[in-house]
Amino acid sequence: MGGDGKVDKEAIHTNVLGVREYNAFFNCNEKGRPINEYHLEFTKLLRYVANMTSKYILDKFIVGLDEPLASQVENLQPKSLTELLNRLR
C-alpha cells in the first residue's frame, strides 16, 4: 500500500515481473545456443537476483552449459565468469 492507503498496482506489477525473471535466471541454460547468446540472457537475468557470490554465479553459468562443454569447462577450473568467457573465445 502507498502512503495514502491505496494499493500500489505498479509496485505489485514490477514485483511480479521481477519474480518471473528471478525464476527464469535459475532455469537459464545454453539449450544449443551459441555461448554469447546464453551469456547475454544469463547476465540480463542476473540483475534480478541479489547477493550471489561470484563463485556461485560462475558455477550456475557452468551448470547451464550443454554437455560436453560443461565438463570441459569444469576441467579448466576458471576463477571467474570473465576468465571463462575469455578462454572460450
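Source: prediction; values computed, not measured.
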**Message:** With rounding to the nearest 0.5 angstrom, report the NE2 to CG distance, H39 to L65.
**Reply:** 11.0 Å

**Message:** To the closest 0.5 Å, what do you measure between CD1 (I35) and CD (E30)?
**Reply:** 4.0 Å

**Asked** Stepwise, does the side chain to side chain contact (heavy atoms under 4.5 Å, CB included) test hold for L88 with V73?
**Response** CA-CA 9 Å; L88 293 175; V73 165; 4.1 Å; yes

**Request:** Show your reasoning for whether side chain to side chain contact (heavy atoms under 4.5 Å, CB included) applies to Y56 and D59.
**Result:** CA-CA 5 Å; Y56 181 86; D59 290 345; 5.6 Å; no

**Complete:** Rounded to the nearest 0.5 angstrom, the NZ-CG distance for K44 and L46 is 13.0 Å

**Message:** Give me the atom names and distance for the closest heavy-atom approach of K60 to C28.
**Reply:** NZ-O, 2.9 Å

**Message:** Under a 3.5 Å distance rule, please check whether R87 uses its side chain to pair with a backbone N or O of L76 as donor and acceptor.
**Reply:** yes

**Prompt:** Does the ring centre of F61 sit less than 6.0 Å away from the ring centre of F42?
**Reply:** yes

**Request:** Would you kindly confirm whether L85 and Y38 end up in one hydrophobic cluster when ILVMFWY residues are joined by side chain heavy atoms under 4.5 Å apart?
**Result:** yes

**Request:** Could you walk me through whether I62 and L58 pass the side chain to side chain contact (heavy atoms under 4.5 Å, CB included) test, one step at a time?
**Result:** CA-CA 6 Å; I62 292 171; L58 174 62; 3.9 Å; yes

**Item:** Interatomic distance, K55 atom NZ to L81 atom CG [nearest 0.5 angstrom]
**Value:** 12.0 Å

**Fill in**
Of all heavy-atom pairs linking S71 and E67, the shortest is OG-OE1, 2.7 Å

**Asked** Between atom CD of E83 and atom OG of S54, what is the distance when rounded to the nearest 0.5 Å?
**Response** 11.5 Å

**Request:** State plainly whether one hydrophobic cluster holds both L69 and L84, where clusters connect Ile, Leu, Val, Met, Phe, Trp and Tyr through side-chain heavy atoms under 4.5 angstrom apart.
**Result:** yes

**Asked** Heavy-atom distance under 4.5 Å between the side chains of V49 and F26, does that happen here?
**Response** yes

**Item:** CD-CZ distance between E41 and F25, expressed to the nearest 0.5 angstrom
**Value:** 10.5 Å

**Request:** Please examine the side chains of V63 and N29, heavy atoms only from C-beta on, and report whether any two atoms are closer than 4.5 Å.
**Result:** no

**Message:** Is it the case that over 12 heavy atoms from other parts of the model lie below 6.0 angstrom from the CG atom of N51?
**Reply:** no

